[in-house]
Amino acid sequence: MTDLTAPARFERPSAVTFLGYLAGLVLVFWCLSGAGFSMDKVMTSPPRFADFLSRAFPPNLSGDVLGRLGWKMVETLQIAVAGAVLGVILSLPVALLAARGLIAGPWVNQTTRIVLGFIRAVPDIAWALVFVVAVGLGPFAGMLAILIDTVGFCGRFFADDMEATEKGPAESLTATGARRLDVVACATIPAAMPAFVSTALYALEKAVRSSTILGLVGAGGIGIELKVGFDLFDYPTALTVILMIAVVVIGIEQLSGHARTKIIGEQR
Amino acid sequence: MSDASLKRPGPQQRAAGPGQAAHAPDRAQPARAGHGTGAQAVPVPAIDIEARQVAKRFGDTQIFSDVSFRLERGRATALVGANGAGKSTLLRCLMGLIPVSGGEVRLLQQTATQARPAALRALRARVGLVSQKHNIVPRMSVLSNVLHGLLGQQGGPRHWSHVLAPAQSRAQAMQALEKVGLAHLALRRADRLSGGQSQRVAIARAIVSRPEVLFADEPCASLDPQAGEDVMDLFFDLARRDGVTVVFTSHNIDHALRYGDRVLGLADGRMRLDATASSLHESDLRGLYD
């Protein structure tokens, strides 16, 4: 007769598994120690935070400050949109080279993926520093930083999206004698388009978030205002910048979510 | 363009294309009975598809082996067998979509196995495929999907979408759509069609290039019985009208016997049945599914 006794809720870990858990725990404590984690500082920080808020509140909403910050925010959005759009466009051919089994051989796929991995591994603020050196201070360096960051992000995910498409339509076109490029253009890319749209919109959100801090290293945008505000202890203006960034980033995320639902929802 | 202009010569008529004669002079020219004796010439039907001891394995799994047959021009052949018998795999081997593990496939008097990619593409441009799941591109128009059937003959961006396509190609695609009764839906998005309509679009895409051979992999398996019957009737009407050689797989014994001139049966990794449909009864095929 079948044994109907319910099995134990948890299995006793093996000695190796137990050592693994222990090593993980030690690693976390080691990292906390390296990061200077201090309960004392955690406990004493709320009063300091409250002190900052009391000196920053109310935010500086005077007309000339709002006007200046408004234009800087427009510049920030210009950097983000220009960099993201050009990055998305450039990502497509790069993704075609990175996607396995489409138009390029394994060596090209692997090399392209390694390059994309390198681009992603370098933070956008580091790319901004590099481009400030290369093209000088200003928004152009920021746009290039956003562009290359977007290529690293979208190139990888566009490639994954194309690899994951259903193979049937591509096989049917291959069966007509179509060349690889024709098959990709007519079957693979249309099938991956909803995923492309979703990824591209996420890249735009990411670009807007990144572009707000590129000014810290002189790559244009509103970030420089934040730095100046803190450097001069002008906390009300700094708070205005922070609130402005929050409103714009949340607004862009909402718009992006709406666009994603409209575009992908209609296409599905 | 009239339907007549799309028709292919019959089995005996379309014998000796200039490029074909060099490959298979024995099949391209009528053979003579009693060679050298002055007896009257007896035309031998040309062979469009030939499998010689074809084998296929995926890793350690042998799908089939020692499969041999010759399929005559203008005839319909049903390929039957249980799930996993290798029908679809054999179909893909015949088209050169996947490599064989052994043996040789000759398609339209040319060796498909070991052909160079460009030669294989040129060969595929002369055949059409209708799949079980129709495999049309959902986010494009019906007309663009049909135009894709011309990519093998005229590749490039001008055939990627109906917006860019040359007038002649658009007319050709509209004609194919008219044949399947969907010309009025040319601009509809393909993902807004019913299953039966989608399969008709797939048929239009397969016939738009006026193929000499049509392969169909369970063309009505994903359709309800009535839509399936309609699609099969339409498919074979068009194929027979144009004298196209057809190879189709089916689980439906009735379809195999009704639409096939010849029936090939795969079982246990071997070709277990090869007979004319008229000589078979349903019970003869049921053994393949045991």
Side-chain angles (χ1 to χ4, degrees), chain A residues 88-89 92-93 95-96 99-109 157-158 161-201 259-268, chain B residues 88 91-92 94-98 117-141 144-161 164 189-192 201-202 205-209 211 213-217 222:
Chain A
V88 165
I89 291 168
L92 191 58
L96 287 173
R100 287 171 283 248
L102 290 187
I103 60 170
W107 280 103
V108 176
N109 301 152
F157 285 101
F158 283 4
D161 294 337
M162 286 191 285
E163 285 179 7
T165 56
E166 199 192 337
K167 299 290 178 274
E171 186 189 63
S172 285
L173 295 193
T174 304
T176 68
R179 294 172 306 166
R180 281 186 182 189
L181 189 61
D182 291 326
V183 173
V184 169
C186 296
T188 310
I189 290 177
M193 195 52 79
F196 283 2
V197 170
S198 185
T199 304
L201 287 171
R260 189 180 283 115
T261 309
K262 285 288 283 182
I263 297 169
I264 299 174
E266 277 180 6
Q267 286 186 336
R268 272 180 182 160
Chain B
S88 300
L91 215 61
R92 276 157 182 73
L94 296 179
M95 299 185 74
L97 287 172
I98 53 174
L120 200 53
R121 279 203 304 274
L123 200 51
R124 286 187 194 134
R126 297 165 62 192
V127 309
L129 169 67
V130 177
S131 305
Q132 177 183 341
K133 290 197 288 182
H134 53 72
N135 286 340
I136 56 177
V137 183
R139 290 172 187 85
M140 300 193 85
S141 71
S144 294
N145 268 285
V146 178
L147 279 162
H148 292 167
L150 293 169
L151 282 170
Q153 296 173 350
Q154 303 168 66
R158 294 204 72 189
H159 285 84
W160 288 358
S161 160
L164 306 167
R189 259 175 57 154
D191 52 3
R192 296 188 179 150
V201 174
R205 181 177 60 188
I207 64 170
V208 69
S209 60
V213 177
L214 271 172
F215 292 96
D217 188 9
S222 60

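All values below come from the heavy atoms of this structure, side chains included, with hydrogens, waters and symmetry mates left out. In what follows, chains carry the letters A, B, and so on, assigned in the order in which the sequence lines appear, proteins first and then strands, with residues in each chain numbered from 1. Bear in mind the structure is a predicted one, so any value in this text is a computation, not a measurement.
- Residue A/Ser172 forms a side chain to side chain contact (heavy atoms under 4.5 Å, CB included) with just one option from B/Asn145, B/Asn135, B/Val130, and that option is B/Asn135.
- With a 6.0 Å radius and a threshold of 12 heavy atoms from other residues, nucleotides or ligands, B/Lys133 has its NZ atom at or below the threshold.
- Only the side chain of B/Ser131 comes within contact range of chain A, with at least one heavy atom under 4.5 Å from a heavy atom of that chain.
- Among residues two or more places apart in sequence or in another chain, the side chain to side chain donor-acceptor pair (under 3.5 Å) test is passed with B/Arg92 by A/Glu171, B/Asp217.
- Near-neighbour residues of residues 99-109 of chain A relative to chain B, defined by a heavy atom under 4.5 Å from a heavy atom of that chain, are none.
- Closest approach of B/Gly155 to A/Asp182, counting heavy atoms only: CA-OD2, 3.4 Å.
- The part of B/Ile136 that comes within reach of chain A is its backbone (N, CA, C, O), which places non-hydrogen atoms under 4.5 angstrom from that chain.
- Summarising the geometry, atom OG1 belonging to A/Thr174 is positioned 9.5 Å from atom CE belonging to B/Met95; distances are rounded to the nearest 0.5 Å.
- The candidate from B/Leu129, B/Leu150, B/Leu97, B/Leu120 with the greatest count of non-hydrogen atom pairs under 4.5 Å with chain A is B/Leu97.
- For B/Leu123, the side-chain contact (heavy atoms from CB on, under 4.5 Å) test picks out B/Leu107, B/Leu108, B/Gln110, B/Ala112, B/Arg126, with sequence neighbours left out.
- Residues forming a ring pair (Phe, Tyr, Trp, His ring centres under 6.0 Å) with A/Phe158 (at least two apart in sequence, or on another chain): A/Phe196.
- Of the listed residues (B/Ala206, B/Gly128, B/Gly156, B/Ser209), the one with the most heavy-atom contacts under 4.5 Å to chain A is B/Gly156.
- Comparing A/Pro190, A/Cys186, A/Ala187, A/Ala185 by heavy-atom pairs within less than 4.5 Å of chain B, the highest count is held by A/Cys186.
- Of the listed residues A/Gly168, A/Ala175, A/Ala178, the one with more heavy-atom pairs under 4.5 angstrom with chain B than any other is A/Ala175.
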